[in-house]
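Scroll down for the structure; my scribbles are underneath it.
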There are 2 protein chains.
Amino acid sequence: METACPAEGAPPEGTSAFLLSQLGALSARMFAERVAALDLTPPQAGLLRLVAWTPGQSQQAVAAQLGTPPSRLVALVDGLEERGLLARRRNPADRRLSSLHLTDAGVALLAELAGLAVSHDDEVCEGLDGAERAQLHALLARLAELRGLVPGVHPGFRGPP
Amino acid sequence: METACPAEGAPPEGTSAFLLSQLGALSARMFAERVAALDLTPPQAGLLRLVAWTPGQSQQAVAAQLGTPPSRLVALVDGLEERGLLARRRNPADRRLSSLHLTDAGVALLAELAGLAVSHDDEVCEGLDGAERAQLHALLARLAELRGLVPGVHPGFRGPP
DNA sequence: TATTGTTATACTCTATAACTATA
DNA sequence: TATAGTTATAGAGTATAACAATA
């Protein structure tokens, strides 16, 4: 597996960290292609997912969870609202706040997204048998938990500081 | 590990593909921070690495290997050349071609980069014991090979189509 | 005419900061 | 005055296409 490198002291390209970056980028690109078929970008899909998970939150709260500035949410929500997937509900008690909710169409699309995620995962793991997939998943889940990665928050967002 | 989701049909956020994207993005961000200490961007580091690996290639050839348009290389090479890390050598036989080579300073910096890559890998794998690290590395290497990922080509570049 | 490297331009994405409306 | 959402602006990074030099 190790190949000789003509330049003295060249960095090891085959580290797990490097492979993780490569495969992670590949997985993200493949996912982006798939959600594009649903006319969604990965950040839009991530927002949809988060709103489904914790409905009724304010845009500020959602932005904080995603680790993105609130201003970025505006265009994101706008796009999904225009397509009837997401809805802003003004809080009558404090009219500055608008809580986010999925519409029925949004829930339906989310179901499609779920199916897509399954086939995406299958494509990414293609070539590994069942036992190997379980091993890989266990190791990745361990690392993610150790690093405090928020489940469901897409890498398109930085995540909380 | 599985938590209930209030929205029907929410996509499984804990797939290996999703974890791979999350951890890959994290690893890439951590690497970017480390190379920033050497005043390099990840694409610059990737270019340095590739030139070390296959010195003397034309910019067109390097661009093709990285899967990036040749025009993008210009600024990249400019920056590294100004810092005395990389050198263009005009081919006297065909003066359109300029081959790329590392300078001594470039080789020295590459050695630093190698050390950095090792500690980066260690940081990414922190929390796993030796056996688990070996398992993880084997699985990732298998996947990378199956997907035809070019060793050493940084995710900052798309890679050959 | 074809090819290498370069420049010019435009586009996408994101963050920062100023603004409004409510409180 | 303080806060939620919005708008405006600017920056980084990249791709596309036009260009000049050389063959």
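Each chain gets a letter, A, B and so on, in the order its sequence line appears, and its residues count up from 1.
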Seminar exercise, completed: From the list Leu85(B), Val77(B), Leu100(B), side-chain contact (heavy atoms from CB on, under 4.5 Å) with Val51(B) holds only for Leu100(B)
Problem set entry | Whole-Å distance separating the CD atom of Glu81(A) from the C1' atom of dG5(D) | 13 Å
Exercise. Which pair of non-hydrogen atoms, one from Gly127(A) and one from Arg133(A), has the smallest distance, and what is that distance?
Worked result: N-NH2, 4.4 Å
Problem set entry | Side-chain (Ser27(B)) to main-chain (Ala17(A)) donor-acceptor, under 3.5 angstrom | yes
Exercise. Expressed in angstrom and rounded to an integer, what is the separation of Asn91(A) atom CG from dT22(C) atom P?
Worked result: 13 Å
Problem set entry | End axis versus end axis in the helix from dT1(C)-dA23(D) to dA23(C)-dT1(D), the angle rounded to 10°, five pairs used at each terminus | 30°
Problem set entry | Whole-Å gap separating C1' (dT3(C)) and CG (Asp94(B)) | 8 Å
For this session: Measure across Gly84(B) and Ala105(B) and return the closest heavy-atom pair with its distance rounded to 0.1 Å.
Result: O-CB, 3.6 Å
Exercise. Can you check the Arg96(A) CZ to dT1(D) P distance for me, whole Å?
Worked result: 16 Å
Problem set entry | Among Leu76(B), Leu38(B), Val35(B), Leu102(B), the one residue meeting side-chain contact (heavy atoms from CB on, under 4.5 Å) with Leu48(B) | Leu102(B)
For this session: May I ask you to evaluate whether Arg95(B) reaches the phosphate of dT22(D), defined as a side-chain N or O under 4.0 Å from OP1 or OP2?
Result: yes
Exercise. When all nucleic acid strands are considered with a 4.0 Å heavy-atom cut-off, which category describes Ala93(A): base, sugar-phosphate, or nothing?
Worked result: sugar-phosphate
Seminar exercise, completed: Reading nucleotides 6-17 of chain D from 5' to 3' and marking B where a protein heavy atom lies under 4.0 Å of the base, S where only the sugar-phosphate is that close, and - otherwise, the string is BB------SSBB
Seminar exercise, completed: In terms of heavy-atom contacts, Gly56(B) and Ser99(B) come closest through O-CB, 3.0 Å
Exercise. So, for Gln59(A) and Leu73(A), which heavy atoms are closest and what is the spacing to 0.1 Å?
Worked result: O-CD1, 3.2 Å
Problem set entry | Residue among Leu136(B), Leu19(B), Leu23(B), Leu140(B) satisfying side-chain contact (heavy atoms from CB on, under 4.5 Å) with Leu139(A) | Leu136(B)
